[in-house]
Amino acid sequence: MAKEILEMAVETAVLELPDTKTLRFKWPEGHNPEFKTGQFITVYWPDTPSYKRAYSLSSCALDRGFYEVTVKRDGKMGTRIVDWAKPGDKLFVIPPVGRFLPVYEPDKHLVCIAGGSGVTPFRGFVREATRRQLATRITVLYSVRTPKDIIFNQEFRDLEKQNPAFKFEVTCTRAEPEHQWSGRTGRITVDWLRALAGDMSQCVFYACGPNALVEHAEHMVIQELGAAKEQMKTEKWG
Amino acid sequence: MSKIPPDLKYAKSHEWVRVQDGIAVVGITDHAQKELTDIVFVELPAAGRTVKAGEPCAVVESVKTASDIYSPLSGKIMEVNPAVVENPGLVNAEPDGGGWFFKLELSQPGELAGLLSPEDYRKQVGG
């Protein structure tokens, strides 16, 4: 049966960074859909029904009563959402689909490579694992330009304290002295990836972000680390 | 596998060019439209605008992302394709046919030599 497209109201609109906003779409009364953490929804405004954009859920399947997406100011939709969307606005939402799904098996290690707003689905991954108190290891390797570009920094740091199986690792590609960043700098490298991944046989690799980052991640994981293609899942954002 | 017609020239940034009588027709490649997925919006340059090779001059948005489109060659925009503005899905359906973006009167025809052959473009996209 085809899933129903529903009009949903924006319940909250939180500016995470100057160019990034999280919208929470409130489910209509009685709506209780089945979906999975890591899937994406497609949204459109009532006045432009042919102009649709897909966004990964930044909430998880245990979050009931709403969907959350975290949107960067990019293109017409991203600009409209970041600059103008507010509580009470209504958009149409095509229900979640997608196969970018966490493999929550006790011995697995989910190695999640993200660039920019590509980190948003991993918030859902870690949220669900933490709430369920799963033993599955999760490591997020997050590449941003500067420390000011880290989305969900505080939430990931808090989840790290709550979940001993979760590590949040950030590298800044364009950190300047004024940022006072004492962490890692430069791109995600194969040596860093190898060191954090540990036992390759238990790893499931994920990469989400701009095409160039995802292709770089695929090359490192498949060609340089020698992982099987089946061990990797990707979401390219152009 | 993406279609790479043998009668076209290609830019590294995934535009194609078909040249006839000093006029270049420009669009985006089959590989590009597949990477973008469903295209929902196209913005084209104004006719009469002068562009340089490598200059961003159009925008496409798919359900996943927004991308600049670069002019592969220098010249003057002679005509744009209103059909892709009205029906952006045409770029997915006919990327190297009815989904063309604009026609360019070349000011530096020698730049053509710097574009990729179909074989070289196929190597670039791994197809």
Side-chain angles (χ1 to χ4, degrees), chain A residues 5 19 39-45 47-57 69 71-83 91-100 115-118 120-121 207-216 218-219 222-223 229 234-238, chain B residues 1-2 10-16 27-46 54 56-70 81-95 98-99 101 121-127:
Chain A
I5 299 172
D19 65 351
Q39 293 189 307
F40 65 87
I41 57 173
T42 303
V43 302
Y44 59 94
W45 294 84
D47 59 354
T48 52
S50 64
Y51 178 71
K52 302 177 173 71
R53 286 292 296 264
Y55 295 108
S56 293
L57 292 173
V69 294
V71 177
K72 191 165 179 155
R73 187 187 289 114
D74 166 63
K76 287 162 68 74
M77 180 69 83
T79 301
R80 186 167 178 182
I81 286 176
V82 173
D83 292 349
L91 285 83
F92 284 97
V93 176
I94 300 175
V97 291
R99 296 178 181 178
F100 193 72
S117 54
T120 62
C208 184
N211 281 6
L213 176 128
V214 172
E215 286 164 10
H216 174 59
E218 281 181 303
H219 180 80
I222 309 292
Q223 305 298 328
K229 283 186 179 176
T234 60
E235 284 275 37
K236 288 183 186 176
W237 286 2
Chain B
M1 183 187 287
S2 299
Y10 298 87
K12 287 180 181 172
S13 48
H14 306 288
E15 294 85 10
W16 57 259
I28 66 168
T29 66
D30 188 41
H31 172 82
Q33 69 82 16
K34 283 179 176 167
E35 287 281 301
L36 288 164
T37 71
D38 295 337
I39 292 170
V40 294
F41 175 76
V42 177
E43 184 176 290
L44 297 175
C57 63
V59 175
V60 289
E61 286 191 48
S62 69
V63 294
K64 290 200 309 185
T65 192
S67 293
D68 287 332
I69 302 302
Y70 302 89
N81 183 5
V84 296
V85 176
E86 289 163 19
N87 176 20
L90 191 58
V91 181
N92 295 115
E94 303 175 28
F101 278 32
Y121 184 65
R122 186 177 298 284
K123 283 179 196 161
Q124 180 187 317
V125 300

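Numbers restart at 1 for each chain; the letters A, B, ... are given by sequence-line order, proteins then strands. Every value quoted in this text rests on a predicted model; they were computed, and no experiment measured them.
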Is B:S62 close to chain A through its backbone or its side chain, or both, or neither, when contacts mean heavy atoms under 4.5 Å? backbone
Might you confirm whether atom NZ of B:K34 has over 12 heavy atoms from other residues, nucleotides or ligands at distances under 6.0 Å? yes
All heavy atoms of A:G75 vs all of B:A66, minimum pair found to be CA-CB, 3.8 Å
Run B:E61 and A:R53 through side chain to side chain contact (heavy atoms under 4.5 Å, CB included) and show every step you take. CA-CA 9 Å; B:E61 286 191 48; A:R53 286 292 296 264; 3.0 Å; yes
For A:K72, which atoms come within 4.5 Å of any heavy atom of chain B: side chain, backbone, both, or neither? neither
Any side-chain to backbone donor/acceptor pair from A:K236 onto B:E35? Under 3.5 Å, distance only. no
